[in-house]
Undergrad: 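Once you've had a glance at the structure underneath, I'll fire off some questions.
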Amino acid sequence: MSNDDKSSNNVELENIGRRKFFGKTAILGAGVVAAPMTAAMFASTAKANAAEYSKNKAFVHPGDLDEYYGFWSGGQSGEVRIMGIPSMRELMRIPVFNIDSATGWGLTNESKRIKGDSANIMVGDTHHPHMSMTDGRYNGKYVFINDKSNTRVARIRCDVMKTDKMLTVPNTQAIHGLRVQKVPYTKYIVCNGEFEVPIVNDGKASLEDVSTYRSIYNVIDAETMEMAFQVIVDGNLDNTDADYDGKYFASTCYNSEMGMSLGEMITSERDHVVVFSLARCEAAVKAGKFKTYNGNNVPVLDGRKGSQLTRYIPVPKSPHGLNTSPNGEYFIANGKLSPTVSIISIKKLDALFADEIKPRDTIIAEPELGLGPLHTAFDNKGNAYTTLFLDSQIAKWNVQDAIDAHNGKKVNYIRQKLDVHYQPGHNHTTMGETRDADGKWLVSLCKFSKDRFLPVGPLRPENDQLIDISGDEMKIVHDGPAFAEPHDCMMVHRTKMKPLKLWPRTDPMFAETIAIAKRDGVDVYSENKIIRDGKKVRVYMTSIAPTYGMTEFKVKLGDEVTVIVTNLDKVEDVTHGFCMTDHGAQMEIGPQATASITFMANKPGVYWYYCNWFCHALHMEMRGRMLVEA
Ligand code: CUK
Ligand code: CUA
């Protein structure tokens with residue numbers, strides 16, 4: 001037996017153990033038993049598929065461009081990534097809640113201003129990137145992203161692909177599910193405060209009295225990135241989505257018990273989907289029917305059971321993903337512990353809010369798909385694709401057939417089950433969360449890669465699998481390792497995007513830095529100057545490959561030094577850097593941009609600063625000295 005054989009056997013044993021572990025979780029919740037299937041069986045089917053699929057449409061030749069932009073959550077890395085689809089090439093990383101060594105994000109004064117009250121927080125946990133829309137179609141303007149770990153929401157400007165706004169959401173804890181209003185346009189971003197805490201969480205009232213704990217639904221103005229209003233709910237909140245009429249938002253709840261332990265969280269037979277009426281919420285805010293808390297002025301509405309703002313639709317225990325079908329007809333709640341998904345008819349919600357029907361009357365089918373349904377994506381042919389976490393599969397099923405079967409018609413709604421590798425969370429189709437769903441590609445974001453890549457130590461990458469769904473059969477065409485968990489992604493056709501090649505000099509990203517320069521009497525586009533302001537020193541310099549406008553400046557020990565660099569290069573792709581050796585200060589300065597960074601001159605002596613982005617044949621020579629007098 002070769003070494004290779006041995007290691008694959010070990011992997012196999014390990015996988016059987018892991019499947020047992022997950023099977024147990026399922027049994028705990030819904031009394032269902034995982035069908036035994038080994039990793040070797042998974043791998044062999046995948047290899048067969050790949051061999052059969054000789055003409056690889058996913059291959060993008062060197063120099064050719066991808067058809068879609070993918071926006072990937074970077075999970076615990078706190079960032080967002082841009083992928084090319086179908087090549088699955090990583091095109092760019094957008095630092096958001098993290099600090100970034102390459103660009104200086106989180107370190108530069110410009111990024112600290114954007115981070116605002118959370119500028120001191122260096123970590124984030126991103127899950128749900130979603131693009132702004134007009135009339136249910138991507139408009140290429142913004143991508144919004146949540147930070148579960150520090151209760152924030154940020155906005156990325158798609159013209160420059162940089163974060164431009166960040167908001168810490170008050171009165172709640174752990175922003176999880178996030179989506180945008182689709183129709184008539186993205187006026188609001190909606191997101192869930194997942195964890196249950198007292199709204200006034202100041203430790204003065206009883207910490208143990210769970211009856212004071214709440215989860216809160218959050219509605220944010222997409223343009224100003226300020227809170228519009230919040231809604232208190234019963235139970236907690238997980239994932240959310242919007243309709244295509246501009247009327248309703250819906251969220252899943254997996255802890256209607258308001259339990260504090262796993263056991264307590266899974267005692268009920270059912271949880272629910274809570275539906276919010278936007279018009280009723282807006283009217284309540286207008287009529288002043290709200291409270292405020294914690295000294296902020298955010299209107300907080302009461303949407304608990306019995307309220308006219310919401311309706312609660314019971315669904316099987318512990319639903320997870322909530323997905324709107326691109327024809328605007330259905331909200332689909334994914335069962336997680338139940339092998340089913342619940343199809344909610346959006347058309348019936350008016351009658352539900354008018355109290356003409358009962359909550360469960362809105363559910364028009366509950367098809368059984370397999371073990372651990374987490375998220376559902378859609379094509380343009382009436383099919384849905386649901387990830388089965390426990391089965392490590394994607395179930396392709398026909399929505400109308402599932403509804404017909406529910407009504408007693410003898411029809412098989414399951415079109416295909418495809419093994420994926422392994423344990424998928426979200427899956428996403430190209431344009432699939434808009435009216436423009438095109439049924440070309442599906443990405444399965446798998447939580448475990450196990451044996452799919454060379455082993456890299458105990459921590460393994462995730463596996464983002466690209467699946468061709470253009471034909472009758474789903475086919476895996478690419479395995480893409482990803483570091484730090486992409487929970488969610490979205491794929492937008494390149495015709496929707498208009499990224500800039502150079503920074504406009506009037507860009508708001510660094511407008512305040514230029515305003516400070518003006519107050520110092522400095523024209524950053526033509527002058528290289530040192531301004532001393534007590535112990536604060538501002539050093540203004542230009543950069544044009546391969547030199548800085550200033551190659552030497554002198555400060556005193558203990559000065560707080562701010563270096564402001566303006567990149568005068570008008571050449572596409574010529575980014576300079578500024579790095580002050582031994583001072584923990586480095587940043588990117590894009591063509592025509594101004595960027596600044598502040599550090600303490602806390603060591604006497606000579607310190608070279610240099611350009612740390614390779615820009616020119618004489619890039620190594622692009623440097624200068626800071627002289628620090630003792
Ligand atoms: S969640 Cu991670 S797999 Cu945060 Cu959308 Cu479902
Ligand atoms: Cu400028 Cu390297």
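Every number for a ligand or one of its atoms is a count from 1 in the order of the listing. Remember, predicted model here, so these are calculated numbers, not experimental data. No hydrogens, no waters, no symmetry mates; every other heavy atom, side chains included, goes into these values.
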Undergrad: List the residues meeting side chain to side chain contact (heavy atoms under 4.5 Å, CB included) with Val153, not counting sequence neighbours, and say none if there are none.
TA: Val169, Ile175, Leu178, Cys191, Ile220, Met225
Undergrad: Under 3.5 Å, is there a donor on one side chain and an acceptor on the other for Asn236 and Glu194?
TA: no
Undergrad: Would you please indicate yes or no on a ring centroid separation below 6.0 angstrom for Tyr385 and Phe378?
TA: no
Undergrad: How many protein N, O or S atoms are found at a distance of less than 2.8 Å from atom 4 (Cu) of ligand 1?
TA: 2
Undergrad: Do the side chains of Asp147 and Arg152 get close enough for a salt bridge, i.e. N-O under 4.0 angstrom?
TA: yes
Undergrad: Without hydrogens or angle criteria, can the side chains of Ser256 and Arg270 be said to hold a donor-acceptor pair below 3.5 Å?
TA: no
Undergrad: Check atom 1 (Cu) of ligand 2 and write out every protein N, O or S atom at under 2.8 Å, as residue and atom.
TA: His576 ND1, Cys611 SG, Cys615 SG, Met622 SD
Undergrad: So, Arg214 and Asp234, do they make that salt bridge, N to O below 4.0 Å?
TA: no
Undergrad: If you take the nearest heavy atom of each of His320, Glu485, Gln423, Lys336, which one is closest to atom 6 (Cu) of ligand 1?
TA: His320
Undergrad: Report the part of Lys447 in contact with ligand 1, treating N, CA, C, O as backbone and CB onward as side chain, heavy atoms under 4.0 Å; options are side chain, backbone, both, neither.
TA: side chain
Undergrad: Are the aromatic ring centres of Phe276 and Tyr248 under 6.0 angstrom apart?
TA: no
Undergrad: Using a strict cut-off of 4.0 Å, indicate which atoms of ligand 1 neighbour a heavy atom of His375.
TA: 1 (S), 3 (S), 5 (Cu), 6 (Cu)
Undergrad: Does this structure show an ion pair linking Glu433 with Lys182, if we count only N-O contacts that are shorter than 4.0 Å?
TA: no
Undergrad: Report yes or no: is the cationic atom of Arg623 (NZ for Lys, CZ for Arg) under 6.0 Å from the centre of the six-membered ring of Trp608, at an angle within 45° of the ring normal?
TA: yes
Undergrad: Determine whether Glu462 and Lys447 satisfy the following criterion, salt bridge (charged side-chain N to carboxylate O under 4.0 Å, His left out), listing intermediate values before the conclusion.
TA: CA-CA 5 Å; Glu462 329 299 327; Lys447 302 291 186 190; over 6 Å; no
Undergrad: Go through the structure and list residues passing side chain to side chain contact (heavy atoms under 4.5 Å, CB included) with Asn98, not counting sequence neighbours.
TA: Glu79, Pro95
